[in-house]
Amino acid sequence: MTSSSKLDLLLVQIATSYIHMDIRGQDPQLGQYYIAEYATRAGYSVKIKRYSSNEPMIQGIHNILSEYNCDVLGFYVDSENIWTIRRVILALKKLCSNLFVIIGGPQVTGNPELAMKRLTMADCAIVGEGERPMTELLSVDFRTTENLKSIKGLVFSSNGKMFYTGSQIPVCNLDQYPFPRRELYTLDEGVIFDQISTGRGCVGKCAFCFEGSKKDNRLRLRSIENVIEEIDYVVSNLKDHPFISFLDDTFIINPDRTEAICNHLIVKYGGKIGWYCEARVDILLRNLHLLPLMKRAGLIRIQLGGESGSQRVLDAYNKGMKIDDLIYVVQKIYEEGISSVYINFIVGGAHETMDSFMETLDLAKKLLRIAPGCAEVGCSLFSPYVGTPMYDNPSLFGIKIIDRDLISGPDGYMAFVETEALSQFQILQLKDYFDAEILNTQYGIIRTLSKEQLLHHFELFDKYTMKTSIYNQLQKIESFKNYFEAVLKYGFSSIRNLSKEELLLAVPYRTVQPVSDGQKYLRLVGKADYKESTYLQNYIFLLSSGKLCFQEILDLLRRNEAFTYNDSLIDDVINVYNMFDEEHLVVWKYKF
């Protein structure tokens, strides 16, 4: 890295990683880039660096601060990385005596005083949107109490006393916040910036979400023209990654706006840019007419919040959704031919009992079956986030919070509460049971899907690097993985796609090695499913090693005394190969 000038602000994102599981994505934190763009337009110099929590970072941050002569550092704080940030700030303060540290993000906005108590070495916290407060901080001598008091949206401590400067007045016209030119600010190489936020705020009041506690949570949407301008900017920088993620769950709330964006994606890009969005079931239910247009515009994945299969639990969450509506919406998404609909459920939340859990599991399985190859389901354990109604008043939701600081494990994967009917240990056990049951159900569904449907999930990854749950499961089954990757990447074919003339010259390749129990050959036809083979099946499978073509294998069979040569031999061999094709055990190479 070569320094060119002084840096006014370094923003750092720390993505939490765990040695025993890979659960945290490394997507850039878009809010930091909005801050960088806004401050840059005001004449300040800003850079952004991200780290994984399991890699060394203190010396790296210190080197950047020193090289750019920077003494202002900002951190995005969430419920996971706050503990890493605490150690990092303490170490950096010892290395940089004049360092001024600013914190922001959901953990701060949810309870700024608590965040400042946990991060005692931070100098101030920004509550809510960061563009204006951060830029105002850079414009004044922020080391004086009076100047800090003049900026709305700050919390800071002075002489042992905590000060809150009052709420910011929300910017109604979001176009005043220019969308960020990501590549100008990142200090990381190879980052894919495919995220777009088209609005802020939420119409929901879900009890498990921070949005559910806001008194003023008006929905603010960017203009159509502004969103389209950013789409074109992002697409121009995607290169070999033609995929966009619309991050906000307000994307479809205004039909006219959604139609205009979709029409732009169709007219300018021919619907070839794949994209993802989130949606509330109640809003999508009113706008199902948009699905065909969204599909033509390139929509390949949509995410819905299922939360629970118990209507009583959904009502406690203030979800504003009926279970039958969720089922109906998922069915319509499937019928429209959209590649993936992901539905997430919460286990161990409000009023959870064994009965409500089983209702959730039954609903999840039902969704998989009514939208085979399209519906994906997952579950996370309830996490009591700071500033949410369920965190502030747990007894109203039939829960007792055991770990209010979420220090005993990753959120979504650890049980931090118990309910009136279920202990913390039982809740943890239920997630494992849910995951196992869903995997088994999905495996059964996979065996019923056509080769075209299965291949499509490999195509989604190959073109968009999108890993569906079906793709992930197919990757764990050697024969499926090798079969479809050979077809997609290397020009191999199913026997069913070859004419009889082509078949004679085509070469069969096994997708798995033969296995044996010590006395006979077995063939692996799934995750751990073995079948005994007849002598003919064994002989053909062994010769399908990628060395001989079909005609050569047929000639060997005709010379083998174990087989009686007759006119039906070729049909018998083709029938064996058709069976192998059904089991994804052999693929064919015709063109070399």
Side-chain angles (χ1 to χ4, degrees), residues 27 30 173-175 177-180 182 192-204 219-305 325-326 328-343 371 374-376 456 459-460 463-466 468:
D27 291 336
L30 193 56
N173 179 11
L174 286 184
D175 291 0
Y177 291 145
F179 64 80
R182 285 78 156 167
I192 296 174
F193 295 100
D194 61 16
Q195 307 86 11
I196 295 177
S197 176
T198 72
R200 301 185 187 185
C202 181
V203 296
L219 181 62
R220 295 165 294 153
L221 301 176
R222 294 167 56 195
S223 69
I224 295 170
E225 295 77 16
N226 190 253
V227 173
I228 286 175
E229 185 182 353
E230 183 175 16
I231 288 172
D232 292 342
Y233 159 78
V234 169
V235 170
S236 69
N237 287 280
L238 287 177
K239 298 179 181 178
D240 297 326
H241 181 79
F243 185 82
I244 295 173
S245 297
F246 292 105
L247 299 181
D248 45 298
D249 59 5
T250 59
F251 183 77
I252 63 168
I253 196 166
N254 184 318
D256 292 340
R257 183 171 178 268
T258 305
E259 287 179 9
I261 293 170
C262 286
N263 285 329
H264 178 74
L265 289 168
I266 293 169
V267 171
K268 185 157 186 175
Y269 303 105
K272 298 185 184 303
I273 303 298
W275 53 279
Y276 153 93
C277 71
E278 298 180 23
R280 287 177 56 90
V281 169
D282 54 343
I283 296 173
L284 187 53
L285 186 66
R286 299 195 299 267
N287 294 287
L288 289 174
H289 65 281
L290 292 174
L291 286 177
L293 180 65
M294 293 166 72
K295 170 73 163 50
R296 282 199 295 124
L299 175 64
I300 57 175
R301 172 177 266 179
I302 189 166
Q303 179 168 319
L304 307 173
D325 293 342
L326 172 62
Y328 183 73
V329 165
V330 169
Q331 204 156 13
K332 290 299 180 184
I333 292 171
Y334 171 68
E335 291 171 0
E336 199 53 52
I338 292 167
S339 299
S340 167
V341 52
Y342 183 85
I343 310 102
C374 169
E376 305 175 69
H456 182 59
E459 290 172 334
L460 290 173
K463 186 172 183 180
Y464 305 112
T465 67
M466 188 179 94
T468 65

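The analysis underlying the following values was restricted to heavy atoms, covering all of them including side chains, and did not include hydrogens, waters or symmetry mates.
Interatomic distance, CD1 of Ile283 versus CG of Leu290, reported as 11.5 Å (0.5 Å rounding). Separation of atoms NE2 (His456) and CD1 (Ile300) is listed at 7.5 Å; rounding is to 0.5 Å. Here CD of Glu278 is found 9.5 Å from OG of Ser245. Values are rounded to the nearest 0.5 Å. Atoms CG and OG, on Leu460 and Ser340 in that order, are 8.0 Å from each other to the nearest 0.5 Å. Atom CG of Asp248 is separated from atom CD1 of Ile196 by 10.0 Å, given to the nearest 0.5 angstrom. In this structure, CG on Leu299 lies 11.5 Å from CD1 on Ile244, to the nearest 0.5 angstrom.
No side-chain donor-acceptor contact under 3.5 Å links Asn237 to the backbone of Phe193. Checked by atom type and distance alone, the side chain of Arg257 pairs as donor or acceptor with a backbone atom of Arg222 at under 3.5 Å.
Of all non-hydrogen atoms in Gly274 and Tyr464, the two that sit nearest each other are N-CE2, 3.5 Å. Scanning all heavy atoms of the two residues, the minimum distance from Pro255 to Asn287 falls at CG-OD1, 3.0 Å. Between Cys262 and Ala297 the shortest heavy-atom distance is O-CB, 3.6 Å. Nearest heavy-atom pair, Leu219 versus Cys202, reported as atom, atom and distance to 0.1 Å: CD1-N, 4.3 Å. The shortest non-hydrogen separation linking Ala279 to Ile302 is CB-CD1, 4.0 Å. Residues Glu230 and Gln195 come closest through the heavy atom pair OE2-O, 4.4 Å.
Side-chain atoms of Leu221 and Ile253, non-hydrogen and from C-beta on, do get closer than 4.5 Å to each other. Within the 4.5 Å cutoff, side-chain heavy atoms of Arg200 are placed close to those of Tyr177. Side-chain contact between Leu293 and Asn263 is present, with heavy atoms from C-beta onward closer than 4.5 Å. At a threshold of 4.5 Å between non-hydrogen side-chain atoms, the residues Thr465 and Ile192 do not count as touching. With contacts defined as side-chain heavy-atom distances shorter than 4.5 Å, the pair Lys268/Ile228 does not qualify.
For Thr258, the side chain to side chain donor-acceptor pair (under 3.5 Å) criterion is met by no residue, not counting sequence neighbours.
The aromatic rings of His264 and Tyr269 lie perpendicular to each other, with more than 60° between the two planes, well past the 30° mark. Using a 30° and 60° split on the angle between ring planes, Phe246 and Trp275 fall in the perpendicular class, above 60°.
We find that Glu336 and Arg296 are not joined by a salt bridge, their nearest charged nitrogen and carboxylate oxygen being 4.0 Å or further apart.
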Audit row: Ile231, Ile273, side-chain contact (heavy atoms from CB on, under 4.5 Å) steps and yes/no:
CA-CA 10 Å; Ile231 288 172; Ile273 303 298; over 6 Å; no
What's the verdict on side-chain contact (heavy atoms from CB on, under 4.5 Å) for Tyr328 and Leu288, showing C-alpha distance, side-chain angles and the deciding distance?
CA-CA 10 Å; Tyr328 183 73; Leu288 289 174; 3.5 Å; yes
Please step through side-chain contact (heavy atoms from CB on, under 4.5 Å) for the pair Val234 and Arg182, ending with a clear verdict.
CA-CA 9 Å; Val234 169; Arg182 285 78 156 167; 4.0 Å; yes
Test side-chain contact (heavy atoms from CB on, under 4.5 Å) on Leu284 and Leu291 and set out the steps.
CA-CA 9 Å; Leu284 187 53; Leu291 286 177; 4.2 Å; yes
